[in-house]
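Below, chain A is the first sequence line, B the second, and so on; all start at residue 1.
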2 protein chains.
Amino acid sequence: MVATIRDVAKLANVSVATVSRYVNGTRKVRGKTAERVKFAIEELGFRPNAVGRSLSTSTTKSIGMVIPSISNPVFSDAVSGVSAAIRKEGYSLTLTTSQYSPEGEVDAISTLLENRVDGVILTVTDPETSKALELLEKSAVPFVMIYNQPSSGRATMTVDNVAAGKEVAGELIKLGHKRLGMVSGKFASSDRALARMNGFVKGVRDARLTAPVICEVDFEAQDISDVLEPMFKDMNAAPSALFCSNDILAISVIGALRRLKIAVPKEVSVIGFDGIAVGRHMYPTLATVVQPSKEMGKAAARNLFERLAGGQDPQSVILPHEFTIGESAGPAAKHDPTDLQTQSKPTSKRSPT
Amino acid sequence: MVATIRDVAKLANVSVATVSRYVNGTRKVRGKTAERVKFAIEELGFRPNAVGRSLSTSTTKSIGMVIPSISNPVFSDAVSGVSAAIRKEGYSLTLTTSQYSPEGEVDAISTLLENRVDGVILTVTDPETSKALELLEKSAVPFVMIYNQPSSGRATMTVDNVAAGKEVAGELIKLGHKRLGMVSGKFASSDRALARMNGFVKGVRDARLTAPVICEVDFEAQDISDVLEPMFKDMNAAPSALFCSNDILAISVIGALRRLKIAVPKEVSVIGFDGIAVGRHMYPTLATVVQPSKEMGKAAARNLFERLAGGQDPQSVILPHEFTIGESAGPAAKHDPTDLQTQSKPTSKRSPT
DNA sequence: ACAAAAAATGTAAACGGTTACATTTGTGAA
DNA sequence: TTCACAAATGTAACCGTTTACATTTTTTGT
């Protein structure tokens, strides 16, 4: 069917070894010979079979990646970074998703291990209990986590989520907010959301404010409005600022607040986390903590290559994050009766008077 | 190092054939024997090497995918669909990006072909001139395009972009718009944008309106504001509605208009194309043509599997699209002197009284 | 208990490369 | 020209599976 190295060798009247050496440039082949080989390759449309090569060299030149979902742009950004970094090294990318489930992670890793990827870049729901990570460790395939919190001496590329969460609290407090809240994806499936929450709560507590309302949502399943509505029944008690555990969630929250006729940021400020591109383009622009997703992907890939090349112990890296103010966050509104001056129409849902 | 089928065979005191048959369930192995094999596999942590298997069976159980960029959610959605569909069949996904360049496409396809993927799902800039498609055809690896326009009898999964474009024109005209415009990504790198434009122009022409302003932008590179500003110098001449060739672009356009202090949709309506999730969550919700990206990915994968299984000629499928109105599109504003009543602050940029 | 048929298992040759080692060819100095 | 040595090339084993075919074991019918 398709030409093999032996076909080329026969046509060029050389040995397979010579063809191999010509193709890979591993040894010099004489001009005359090289020409014959080159001709044969073109004549036959020969394309080296990576499978044969992999079996022989026991290296696949491929990197496996496991992300919870590809629908959240924050992960696409990381994929993009990984993709760019490994292409440069001639590697290819096998992408799998876990749908935020530990079983999904195990399945994904199993597949990748069977495919003998040279390294793995992944994000798990919980590094502490992850069976997938255990599989990886047993297999001795080098791996790096991204987004996950450092733990157990495993390598991870992430930002300081606790510090960032605290920073968000600080910024909101600086804007005069006194009643804060957080809307987060399930902590069980996101150690970083948990870390952000912890930092946020600490920041609020340090400022001697009442502890923030924490609202855990199953983002993929629930309608955010249903969660937000009771929370904002009484605007005098409701938080004047919400920290969301990621940008997608924040965008949804802003949309839901609008539907509840609550103005952002006039009545409620919203801050996200991730720094996905669309947040900068939309209106209101999203106040958020920007994490360098693409760079994280690249860094993870580089880390992997270093280990594949030399040895080097796995090493975690904390990358810099940056709080970016946007139109979705502003000064705290005063929720006394003069509240009615706010531009949005008062509705029966609001506090009386 | 890592256990092979021979290690298992030795430990279980059977032949490699028996192990292979046990692992793949291709033949019955007697209870007693099966137990020994099972034990040996667990004892050694044996995991079949897909590379060896692939070489032997000359099938990799992997599908290659080439998309222009992973940063546009419309493509992530397709990846998501493909990923889900192929996982079900036990296939894995090798993902590559072309950065909207024909050379990138060729590189990607070359890599995929060397890796002997069993099939390819891809989106190219221009099917008519694509060297990548030629490579694929020469290689005899089954492939399906997604998003691309049907051409040359090659299989593609897409929506009717021309009809959709025309439909958008119709909807805007129905809303009373008379001066229409389109902002599009480079036609040279998107046959579907071109098709949408053609339909749009046709729709406008059929309504006997003046031809729409067409504005081609290098979206990744340029700042949209620079493009929009001259267009909206004179509001009496400027279009009252803009059709954007994709949602991401539309979101940026809305943002840019806001920065130019032009209200959406009060002064200018904006309609996108794709139906990415964020458009439904943001404010204003994005009026757009929803195409079933995830379904397209799934359909492409299924098409590939059918061909891998039975034979079947490649077959293009036109999937249904759906125009969805959103808050970003509304009735045409009257741009006579009473224009000043519009909520947004008049600026020197606007037409004089 | 025995032969024949059926079921289970084993043997060894692919699959398409790479590479250690062996061999041939080419080069330069005497 | 001849020899020693270097450079180029060739030979064949190996990487980890699958599977056609051969062989052994079990089952079945009598």
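The side chain of B/Val16 approaches C/dA12 more closely than any other nucleotide in the set C/dA12, D/dT9, D/dT17. Across C/dT9, C/dG17, D/dG16, the shortest atom-to-atom separation from the side chain of A/Ser56 is found for C/dG17.
Between B/Glu89 and B/Arg302, none of the side-chain N atoms (NZ, or NE/NH1/NH2) sits under 4.0 Å from a carboxylate O, so this pair counts as no salt bridge. Under the 4.0 Å criterion applied to side-chain N and carboxylate O atoms, B/Glu42 and B/Lys38 are assigned as salt-bridge partners. Classification of B/Glu137 and B/Arg154 as a salt-bridged pair holds, one side-chain N sitting under 4.0 Å from a carboxylate O.
Taking the ring pair (Phe, Tyr, Trp, His ring centres under 6.0 Å) definition, one finds that A/Phe305 meets it with A/Tyr91, sequence neighbours left out.
Residue-level contact check: B/Thr18 touches the backbone only, with heavy atoms under 4.0 Å from sugar-phosphate atoms and none from bases.
A/Arg116 contributes atom CZ, which lies 13.5 Å from atom OG1 of A/Thr94 (distance to the nearest 0.5 angstrom).
Bending across the helix from C/dA1-D/dT30 to C/dA30-D/dT1, expressed as the angle between its end axes from five pairs apiece, amounts to 30° (10° rounding).
Between A/Ile5 atom CD1 and D/dG10 atom P there is a gap of 12 Å when expressed in whole angstrom units. A/Arg53 has its CZ atom 13 Å from the C1' atom of C/dT19, to the nearest Å. In this structure, B/Arg116 places its CZ atom 11 Å from C1' of C/dG17, rounding to the nearest Å. The CG-P distance, from B/Leu55 to D/dT19, rounds to 13 Å in whole Å. B/Arg47 places its CZ atom 16 Å from the C1' atom of D/dT17, with the value rounded to the nearest Å.
Between the side chain of A/Arg6 and the base of C/dG16 there is at least one donor-acceptor pair of N/O atoms closer than 3.5 Å. For B/Thr4 against D/dG16, a side-chain-to-base donor-acceptor contact under 3.5 Å is absent.
A sub-4.0 Å separation between OP1 or OP2 of D/dT18 and a side-chain N or O of B/Ser20 is present.
In this model, no donor atom of one side chain and acceptor atom of the other lie less than 3.5 Å apart for B/Glu114 and A/Asn49.
Atom NZ of B/Lys186 is surrounded by more than 12 heavy atoms from other residues, nucleotides or ligands within 6.0 Å.
Contacts of residues 21-44 of chain A with DNA chain D (heavy atom under 4.0 Å): A/Arg21, A/Arg27, A/Lys28, A/Val29, A/Arg30, A/Thr33.
The backbone N or O of A/Ala50 sits less than 3.5 Å from a side-chain atom of A/Ser54, completing a donor-acceptor pair.
None of A/Val144, A/Ile146, A/Leu136 except one satisfies the side-chain contact (heavy atoms from CB on, under 4.5 Å) rule with A/Leu122; the exception is A/Leu136.
Along DNA chain D, the nucleotide nearest B/Val51 and the nucleotide nearest A/Asn13 are compared for position; the residue whose nucleotide lies closer to the 5' end is A/Asn13.
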